[in-house]
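Everything on this sheet refers to the single structure shown next.
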Amino acid sequence: MMEEDLTQRLRQADPATGLRAVGALRRLAERVEATHVKAAREAGWSWEQIGDALGVSRQSVHVKYGKKGVTDV
């Protein structure tokens, strides 16, 4: 689907439907991120490498995933 088509369809959508979709996408993105952070740590990646790949600081990734341990992700 073209970006313009998607934008037009989103503008016409019911706000409640759109907001539920945004929430579902955020939850999905969090699960995908957690899965890949865990895989990266198991592969020996440093927090800095993971942060670089995500476009955030190593500290922010470590705060989010380091304390609870990647096995808990």
Side-chain angles (χ1 to χ4, degrees):
M1 180 179 297
M2 299 294 294
E3 184 177 337
E4 297 82 26
D5 294 338
L6 180 58
T7 301
Q8 183 62 26
R9 291 179 76 181
L10 288 173
R11 286 185 184 146
Q12 295 173 357
D14 172 43
T17 302
L19 291 170
R20 282 193 302 274
V22 168
L25 287 170
R26 283 186 181 147
R27 290 187 296 277
L28 176 60
E30 287 294 321
R31 288 195 307 269
V32 170
E33 180 181 286
T35 297
H36 288 284
V37 167
K38 180 180 179 182
R41 290 297 291 165
E42 289 172 350
W45 285 39
S46 69
W47 292 113
E48 185 171 5
Q49 289 173 300
I50 296 169
D52 286 347
L54 291 172
V56 298
S57 72
R58 67 177 170 81
Q59 292 90 348
S60 66
V61 175
H62 188 262
V63 165
K64 187 172 184 178
Y65 296 105
K67 301 254 189 242
K68 60 181 163 180
V70 289
T71 57
D72 298 336
V73 175

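- With Ile50 as the fixed residue, the side chain to side chain contact (heavy atoms under 4.5 Å, CB included) test singles out one of His36, Arg41, Arg58: Arg41.
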Apply the test salt bridge (charged side-chain N to carboxylate O under 4.0 Å, His left out) to residues Glu30 and Lys64: give CA-CA distance (whole Å), side-chain angles for both, the deciding distance (0.1 Å), then the verdict.
CA-CA 11 Å; Glu30 287 294 321; Lys64 187 172 184 178; 2.8 Å; yes

Working for side chain to side chain contact (heavy atoms under 4.5 Å, CB included), residues Asp52 and Trp45
CA-CA 11 Å; Asp52 286 347; Trp45 285 39; over 6 Å; no

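- Checked by atom type and distance alone, the side chain of Ser60 never pairs as donor or acceptor with a backbone atom of Val56 at under 3.5 Å.
- Arg20 contributes atom CZ, which lies 4.5 Å from atom OG1 of Thr17 (distance to the nearest 0.5 angstrom).
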